[in-house]
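The next block holds one structure in the form of structure tokens; read it before the comments.
Values in this document were obtained by computation on a predicted structure and should not be read as measured data. So you know, we letter chains A, B, ... as the sequences are listed, proteins then strands, and number each from 1.
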Amino acid sequence: MRAVHLLTKLLDEIVADLGLQKPAKAVIEPPKDKKFGDLAANYALVLAKDTGKNPRELAGILAEKLRASSPHIAAVDIAGPGFLNVTFAPAFRQAAIALIEEDGDAYGSSDLGAGKKLQVEFVSANPTGPLHIGHGRGAAIGDSLCRIMRYAGYATEAEYYINDAGKQMRTLGLSIWLRALELAGKRSDPFPEDCYKGEYIIDIAREMLGKDPGLTDRPEAEGLDACYEYGLKDIFDGIKKDLETFDVRHDEWFSERSLVESGAVERTLEALKASGKAFEQDGALWFRTTEQGDDKDRVLRKSDGTLTYFASDIAYHADKYARGFDRVIDVWGADHHGYIPRMRAAVAALGKEREAFDVVLVQLVNLLQGGEQIAMSTRAGKFETLADVMAEVGADAARFIFLSRKSDSKLDFDLELVKQRTMDNPVYYVQYAHARIEAVKRRVAEQNGPAPEEADISLLAAEEEMDLLRLLDRFPQVARDAAALAAPHFISHYLMELAGMLHRAYAVLPVLNAESRALGGARLRLLGAVGQTLRNGLRLLGVSAPASM
RNA sequence: GCGCAGUUAGCUCAGUUGGAUAGAGCGUUGGCCUCCGGAGCCAAAGGCCGCAAGUUCGAUUCUUGCACUGCGCGCCA
């Protein structure tokens, strides 16, 4: 980031000096091959397009001015069609260490979000059963996103939306009630198809009967209510516990029922009618979402008088903005993608700009064991639930796998692989890099090795050392990109690269047996900076950075 | 039928404002432990970036068409 900043500033000044407009498509990035230098700029290429001049000629002018512009720039080469390949002076590279030491846990943070209030809503699973592995992926992505956005300067809150008002909830109460009747020997009809058939429903019913043997003697309406309330609480306690085990925290648990009961949904519908966005037809109330590009208009209140899920969802999002959030990110299962256009239409109708609402889609997780698919929707699989999977592979490994793919692509989660400690399972590779650095620090302290105070940073000149410095310098940009594109996998990929570079350097650059204590000390500080950066990145993923393994 | 995603090495996947010789891990083959942690390192082989057109100095990236895979298309939630 530092290097990019400097070069951007210098080039912008030069372009302005020449009386040219900074091209919109100007980009500065690390070249694919490090033999091209530290950073490559395409300024001459895009300026040539804008001005109609020869790109290599322009590059020559820019390069000459750039060479004279700063002592930090060691070399500027012109390559290919007109790239400017810039190499920085070693002292400038080496200064990254002091910067990282100074910034510490904040190295890589930014003010991209400028303090704007952001809400990330995720998991929000219907409380009709325990969380499964797919929810785990959503939880990992949502939680990591919160950490990344917070790091990038957004005032971020995590929220769980509880769908406790709809038909599914009545079904939950009914399912428990019927199981209770069965257990009490008062019912022998087949269990209805449309009720929840999971084992956990029977457990809940049994538990209720244990506490209240007279449950099934009560009138049905009363019994159903009791079953619903008890089941909701029981399942929610389980969900909260599962999320806790996964180190996922929500700041707010928002109840759909509270919206309905407070009249907020009705008020929202009235407002939509008043503004002409909603209309009556065929005895139902419709929302004109087609005005905003949806395929068809959507029903808000059915002709039987009941509300659709969409109706309360509009009220819910209105409530989010009313609570002062400038921006909202919903993390949804990819099977809900068809819902996005109407939700966008709703947000637009609420008078919010396009940037105020984003959806991160999370694709399905395919749970495998040794390459064999495990069914998740039935109760046949032993590892059906998130809790079971966590107990089997651990939270760190699971999170890293979830966060090492972009969210919008399918993910095979193979229990055998995730348990293995190989590069098929890179969390250990990254954690091992951190543990190794900590081990070196311990060893150096024990054996009275070189101290940081003895370091002469300018001795860091080996290829591996410069490679590490280059990579460390890139982290702030990676963290920023991850925030800007809501892409946690940028972080995990960067960490794998940094860990790989560390392992490579580790093999050839001893601290204790360095040529001098000044060099050993410098390497110690370099390793310290790598360790700090690894910790910062792992923290953004919610994965631990162990001192030993 | 319409819509949304995906298609990159044997396998699992990176690669966003169009750029240089398309990357990583696993797997395969061959090397490295008197030396701070071998959960590691080094090297080699492995590619019509789904197919075909178009846009231009340049396309894995943008446009269009086609193929295959997954998902979605209700006065369900």
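A donor-acceptor pair under 3.5 Å is absent between the side-chain atoms of A:H135 and the main chain of A:V123, judged by distance alone. In this structure a side-chain-to-backbone donor-acceptor pair under 3.5 Å is present from A:W286 to A:Q281. Of the possible donor and acceptor atoms, none in the side chain of A:N126 sits under 3.5 Å from a partner among the backbone N and O of A:T128.
Atom-to-atom, CE of A:M496 to P of B:rC26 comes out at 12 Å; the value is rounded to the nearest Å. Between A:R342 atom CZ and B:rG74 atom C1' there is a gap of 9 Å when expressed in whole angstrom units. In this entry the distance linking OH of A:Y339 with P of B:rC73 reads 12 Å, nearest Å. One can place CZ of A:F400 at 14 Å from P of B:rC26, the figure rounded to the nearest angstrom. Atom CG in A:N425 sits about 20 Å away from atom P in B:rA24, given to the nearest Å. In this structure, the OH atom of A:Y506 is 11 Å from the P atom of B:rA39, given to the nearest Å. The distance between atom NZ of A:K419 and atom C1' of B:rA39, rounded to the nearest whole Å, is 17 Å. Between A:Y432 atom OH and B:rA39 atom P there is a gap of 5 Å when expressed in whole angstrom units.
To the nearest whole angstrom, the two C1' atoms, one in B:rG19 and one in B:rG58, are 7 Å apart. B:rU17 and B:rC62 have their P atoms separated by 10 Å, given to the nearest Å. On the C1' atoms, B:rC13 is 26 Å away from B:rG38, given to the nearest whole Å. Taking the C1' atoms as reference points, B:rG74 lies 29 Å from B:rC68, given to the whole Å. Rounded to whole Å, the C1' atom of B:rC49 lies 12 Å from the corresponding atom of B:rG23. Using atom P as the reference point in both B:rA22 and B:rC48, the two lie 13 Å apart (nearest Å). Using atom P as the reference point in both B:rA5 and B:rA45, the two lie 38 Å apart (nearest Å). Separation of the P atoms belonging to B:rG6 and B:rU61 is 13 Å when rounded to the nearest angstrom.
Within the nucleic acid shown, A:V511 comes within 4.0 Å of at least one base atom, counting heavy atoms only. Residue contacts for A:L509: at a heavy-atom cut-off of 4.0 Å it reaches a base atom on one of the strands shown.
Secondary structure note: stems in RNA chain B built from 3 or more consecutive Watson-Crick or G-U wobble pairs under 3.5 Å occupy B:1-7 with B:67-73, B:10-13 with B:23-26, B:28-32 with B:40-44, B:50-54 with B:62-66.
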Using the 3.5 Å cut-off, write out each protein N or O paired with an N or O of nucleotides 28-35 of chain B and the distance between them.
from   : atom 1 : to     : atom 2 : distance (Å)
B:rC35 : O2'    : A:N513 : ND2    : 3.4

Would you tabulate the nitrogen or oxygen pairs shorter than 3.5 Å linking the protein to nucleotides 19-21 of chain B?
from   : atom 1 : to    : atom 2 : distance (Å)
B:rA20 : OP2    : A:K32 : NZ     : 2.4
B:rA20 : N6     : A:N85 : OD1    : 2.9
B:rA20 : N1     : A:N85 : OD1    : 3.1
B:rA20 : N1     : A:N85 : ND2    : 2.9
B:rU21 : O4     : A:K35 : NZ     : 2.2

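Within the 6.0 Å centre-distance limit, the rings of A:F402 and A:F413 are counted as a close aromatic pair.
Residue pairs that meet the salt bridge (Lys or Arg N to Asp or Glu O under 4.0 Å) test with at least one member in residues 487-508 of chain A, sequence neighbours left out, are A:R474-A:E497.
Residue A:Y428 places none of its side-chain N or O atoms closer than 4.0 Å to OP1 or OP2 of B:rG38. One finds no side-chain N or O of A:K441 lying less than 4.0 angstrom from the OP1 or OP2 phosphate oxygen of B:rG37. Regarding contacts with the backbone of B:rG72, every side-chain N or O of A:K296 stays at 4.0 angstrom or more from both OP1 and OP2. Using a 4.0 Å cut-off, some side-chain N or O of A:H489 falls inside it from OP1 or OP2 of B:rG15. At the phosphate of B:rG37, OP1 or OP2 sits under 4.0 Å from a side-chain N or O atom of A:R443. Using a 4.0 Å cut-off, no side-chain N or O of A:R436 falls inside it from OP1 or OP2 of B:rC36.
For the atom pair A:I201 CD1 and A:C195 SG, the distance stands at 8.5 Å (nearest 0.5 Å). Note that the CG atom of A:L512 and the CZ atom of A:R517 stand 9.0 Å from one another [nearest 0.5 Å]. Residue A:N163 holds its CG atom at 9.0 Å from OH of A:Y316, rounded to the nearest 0.5 Å.
You'll find that the side chain of A:H336 is closest to B:rA77, out of B:rC41, B:rA77, B:rG37.
A:Y506 carries A:R436 over the face of its six-membered ring, with the cationic atom under 6.0 Å from the centre and within 45° of the normal.
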Item checked: Summary of protein contacts for nucleotides 2-13 of chain B, nucleotide by nucleotide, where a base hit scores B, a sugar-phosphate-only hit scores S (4.0 Å, heavy atoms) -> -BBS------SS
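Taking the six-membered ring where the residue is Trp, A:Y160 and A:F236 present perpendicular rings, their angle passing 60° and hence far from 30°.
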Only distances under 3.5 Å count here; give the side-chain donor-acceptor pairs of residues 486-495 of chain A to other protein atoms, sequence neighbours excluded, each with its distance to 0.1 Å.
from   : atom 1 : to     : atom 2 : distance (Å)
A:S492 : OG     : A:L403 : O      : 2.7
A:S492 : OG     : A:H489 : O      : 3.1
A:H493 : NE2    : A:S404 : O      : 3.0
A:Y494 : OH     : A:L471 : O      : 2.7

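Judged purely by distance below 3.5 Å, without hydrogens or angles, the side chains of A:T87 and A:D38 never pair a donor atom with an acceptor atom. Checking A:S312 against A:E256 by side-chain atom types alone, a donor-acceptor pair falls below 3.5 Å.
No hydrogens or angles were tested; on distance alone, nothing pairs the side chain of A:T308 with the base of B:rC75 as donor and acceptor under 3.5 Å.
For A:D467 and A:R470, the salt-bridge test passes: some basic side-chain N is under 4.0 Å from an acidic carboxylate O. Of the charged side-chain nitrogens involved, none lies within less than 4.0 Å of a carboxylate oxygen, so that A:R523 and A:E464 do not count as a salt-bridged pair. The residues A:K320 and A:E121 are annotated as salt-bridged, a charged nitrogen and a carboxylate oxygen being separated by less than 4.0 angstrom.
In this structure B:rC48 sits in the anti conformation; its chi angle is more than 90° from 0.
Positionally, the nearest nucleotide of RNA chain B for A:H503 lies more toward the 5' end than for the other of A:H503 and A:A334. With the nearest nucleotide of RNA chain B identified for both A:A284 and A:A505, A:A505 has the one nearer the 5' end.
Between A:I329 and A:V359 there is no side-chain heavy-atom pair separated by less than 4.5 Å.
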